[in-house]
Protein chains: 2
Amino acid sequence: MTRQLKQTEKSPQRNVRKRRREIVDAAARVFAERGYHGASTQDIADLLGMRQASLYYYFDSKETALEEVCALGAAGFVEKAEEIVRNGLPAQERLCQLLAAHIAPLDHRADYTRTFLNERKWLPMESRRKVGRMSRRLEAIFERVIREGIRNGEFRNDLNPRMTTLALLGMMNAVSTWYERESIPLDRIAELFGDLALNGASNTDAD
Amino acid sequence: MTRQLKQTEKSPQRNVRKRRREIVDAAARVFAERGYHGASTQDIADLLGMRQASLYYYFDSKETALEEVCALGAAGFVEKAEEIVRNGLPAQERLCQLLAAHIAPLDHRADYTRTFLNERKWLPMESRRKVGRMSRRLEAIFERVIREGIRNGEFRNDLNPRMTTLALLGMMNAVSTWYERESIPLDRIAELFGDLALNGASNTDAD
DNA sequence: TGATAATTCTATTGCACTATAGAAAAATAG
DNA sequence: CTATTTTTCTATAGTGCAATAGAATTATCA
C-alpha cells in the first residue's frame, strides 16, 4: 500500500503486459468478427477461458480495448510507408512497394487490421482524431509519391494525385474483406494490383 | 377479423406502405451513421418524432428493418449492370459504365448504399445469402466484361479477371467512405477512376 | 512457512435495449 | 353521430450488457 518497489516492480509488470496482450489479441479477434458494438466483453472472456469481470483488472473499459487494438492495428503502417518513400527508387517501384506494404499485415495480423479499418469509427473523439491524423499522413505519402512520379515523367501528368490515392487505398483496403475466401497469396495480389495501378487494363500492344 | 376487404383494402394499404417507407428511410440513415448494432430502435423513432414502440406496428423486428434497407440498397444494382453488359459497346466503354453505375446510387441513396455495403454482414442467414448471391452476380458481370475485353484484344491478355474485378469493386465501394468529405462530383470520380482502371498511372508518352 | 501482493473469482448493480400488451386517439365509414 | 378500423401511445416485461465491490485464490518472497 505504501511503497512496494524494487523486486515487485519488474516481474509482475512484464506478466501484466503479456496478459494484457493476450486480452487485446482476443479483443481484436472478436471485434473483427462481430464488430465493436456486436461484440460483448463476455465474448472476449470466453475466448480466453476467463470471467468477464476479470478483464477489468487489465482494462478500464471495452472502449479502451478498442483503442489498443486500433493503435496496434495502425502501428508500423505509416512508419513502413515513410521508409519506402525515402528509399530513392523510381516512383513506380515505390508505389508498388507502398501497395504491397499496405496489405502485408493481413498475413499475420488480420484481426488487428480489420478492426482498425472497420471499427475505428467507433473510437471516442480523441483517439479517433489520432487515428485520423495517421490516415492522413499515409494518404499524404501516397500523394507525394504520385506527385513526384508526375514531375519526373514516370506518371501521366493528367493524374489527379488525391483521387488516385483514394482509388488505390480503397482497392487495397478492400483486400481484407475477401482475401481469406480467395486462395491467392498476398504477394501475388500486390503484384497484380501494382501492375493494374501502373498499366491499367487496356491492351497497348495491338490496335 | 373475418373479411373486411373492398374499401378498407386499398387506401390504408397505401398509407401503410408510405409510412413503412418513411421508417425504412430513417432506419437507413441511422444504420448508415451508427451501424446496425450501434443503432437503437429509439434512434429511428426519434428521427421520425414517434414512439419507439410504434415502430412495431410496421416492423416485426429491428432485423426486418435491416433486411428491407439492404434489399432496397441492393435493388437496381444488378439490373443496371446487366443492362450495361448487354449494350453492345466496346468492353472498355462497358467497364467504365459499370464503374459509373456502381457509385451512382451514392448521389440520391447514400444511406441505403452505405448500410448495404457495411451492415449486410449482420443480416440473418437467409437474407444474407440472398444478398450474397446478388453480389456474386455483380462480380460475374464484371468478370465477363473483362474476359470479353481480353478475348477481343481490348484488354491485356495477362489480366486476372477475378482479381481485376475485386480490385475495381474495392476501389468503387470505397467511394462511399469519403465522397462526402471530398468535394468532387460522382461523374468526375467515375471519369477519373475509369481512366485509371483502363490506362493506369504510368506515363506511356515519353521514355 | 507465513506474510504480502497479484490475479481471478463470485455476486451484483444499474442501465439500455428489444419487443409485447393493451389502452387511447385519430381516421374512416355507415 | 356512432361504430369500426387504423394508428399511435403508455407502460412494462424480460434480456443482455458494461462495469463495480469485495472475497477467494494463487503466486512471490523473505
Side-chain angles (χ1 to χ4, degrees), chain A residues 1-27 30-31 33-69 119 122-124, chain B residues 1-27 30-31 33-69 119 122-124:
Chain A
M1 201 58 91
T2 47
R3 284 286 167 95
Q4 80 312 359
L5 299 177
K6 288 290 180 310
Q7 300 93 343
T8 44
E9 187 158 342
K10 201 115 197 184
S11 170
Q13 286 278 2
R14 180 147 301 166
N15 288 335
V16 163
R17 281 200 191 155
K18 201 170 166 185
R19 194 82 175 114
R20 239 182 106 94
R21 182 51 180 265
E22 289 173 359
I23 292 171
V24 179
D25 280 345
V30 170
F31 290 161
E33 241 164 56
R34 314 193 178 191
Y36 175 68
H37 286 117
S40 70
T41 53
Q42 184 65 64
D43 295 331
I44 300 171
D46 287 348
L47 215 58
L48 295 159
M50 80 194 298
R51 300 290 162 158
Q52 178 261 346
S54 303
L55 297 171
Y56 288 81
Y57 180 73
Y58 298 93
F59 285 93
D60 287 347
S61 66
K62 185 182 163 188
E63 215 169 51
T64 309
L66 178 64
E67 289 183 334
E68 191 133 335
V69 173
E119 311 303 325
W122 314 127
L123 285 171
Chain B
M1 200 61 90
T2 47
R3 286 287 169 91
Q4 81 312 359
L5 300 177
K6 290 289 178 312
Q7 299 93 347
T8 41
E9 188 160 337
K10 202 112 194 187
S11 170
Q13 286 279 3
R14 180 147 299 164
N15 287 336
V16 163
R17 281 200 190 153
K18 200 170 167 184
R19 194 84 174 113
R20 238 182 107 93
R21 181 51 178 265
E22 288 174 0
I23 292 172
V24 178
D25 280 345
V30 170
F31 290 161
E33 241 164 57
R34 313 195 178 189
Y36 175 66
H37 291 296
S40 71
T41 53
Q42 185 66 63
D43 293 332
I44 300 172
D46 287 349
L47 215 58
L48 294 159
M50 80 194 297
R51 298 291 162 158
Q52 178 262 346
S54 303
L55 297 171
Y56 288 81
Y57 181 74
Y58 299 94
F59 286 94
D60 286 347
S61 67
K62 185 182 164 188
E63 215 170 51
T64 309
L66 178 64
E67 289 183 334
E68 191 133 336
V69 172
E119 311 303 324
W122 314 126
L123 285 171

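First the proteins, then the strands, lettered A, B, ... as listed; each starts at 1.
- Evaluation of the side-chain hydrogen bond (donor to acceptor under 3.5 Å, both in side chains) rule for Ser54(B) yields no partner, not counting sequence neighbours.
- Residue Gln52(A) has its side chain nearest to dA18(D) when only dA18(D), dT8(C), dT20(D) are considered.
- Within 4.0 Å of Tyr58(A), counting heavy atoms only, lie sugar-phosphate atoms of the nucleic acid but no base atom.
- Across all strands, Ala45(A) comes closer than 4.0 Å to no nucleic acid atom at all (heavy-atom distances).
- Nearer the 5' end of DNA chain D, as judged by each residue's closest nucleotide, is the contact made by Asp43(A), out of Asp60(A) and Asp43(A).
- Here dT6(D) presents its P atom at 20 Å from CG of Leu55(B), a figure rounded to the nearest Å.
- Look at CD on Gln42(A): it is 11 Å from P on dT10(C), rounded to the nearest Å.
- With contacts defined as side-chain heavy-atom distances shorter than 4.5 Å, the pair Arg19(B)/Met50(B) qualifies.
- Atom NE2 in His37(B) sits roughly 14 Å away from atom C1' in dT18(C) (whole-Å rounding).
- Residue Ile23(A) contributes atom CD1, which lies 14 Å from atom P of dA19(D) at whole-angstrom precision.
- Listed pair Arg51(B) / dT7(D) fails the phosphate criterion, with no side-chain N or O lying under 4.0 Å from OP1 or OP2.
- Put simply, the residue from Lys62(A), Arg21(A), Arg20(A), Arg17(A) that forms a salt bridge (Lys or Arg N to Asp or Glu O under 4.0 Å) with Glu68(A) is Arg20(A).
- Each of dT10(C), dT20(C), dT7(D) was ranked by its minimum atom distance to the side chain of Ala53(B); first place goes to dT20(C).
- For Lys62(B), the side-chain atoms get nearest to dT18(C) when compared with the rest of dT18(C), dT7(D), dC17(D).
- Screening Leu123(B), Leu66(B), Val69(B) against Tyr36(B) for a side chain to side chain contact (heavy atoms under 4.5 Å, CB included) leaves a single residue, Leu66(B).
- Of the side-chain N and O atoms in Tyr57(A), one or more sit less than 4.0 angstrom from OP1 or OP2 of dT7(C).
- Closest contact between the side chain of Tyr56(B) and the listed nucleotides dA19(D), dT18(C), dC9(D) involves dT18(C).
- To the nearest angstrom, C1' of dA19(C) lies 13 Å from CD of Glu63(B).
- In this structure, CG of Leu48(A) is placed 14 Å from C1' of dT7(C), rounded to the nearest angstrom.
- Between Phe59(B) atom CZ and dT7(D) atom C1' there is a gap of 15 Å when expressed in whole angstrom units.
- At the phosphate of dT18(C), OP1 or OP2 sits under 4.0 Å from a side-chain N or O atom of Thr41(B).
- At a threshold of 4.0 angstrom between heavy atoms, the contacts of Ser54(A) include nucleobase atoms, whether or not backbone atoms are also involved.
- Closest approach to the Asn15(B) side chain among dT7(D), dC9(D), dT7(C) is made by dT7(D) (side chain taken as heavy atoms from C-beta onward).
- Each of dT8(D), dT7(C), dC17(D) was ranked by its minimum atom distance to the side chain of Ser40(A); first place goes to dC17(D).
- Counting heavy atoms from C-beta outward, Gln52(B) and Tyr56(B) have side chains that approach closer than 4.5 Å.
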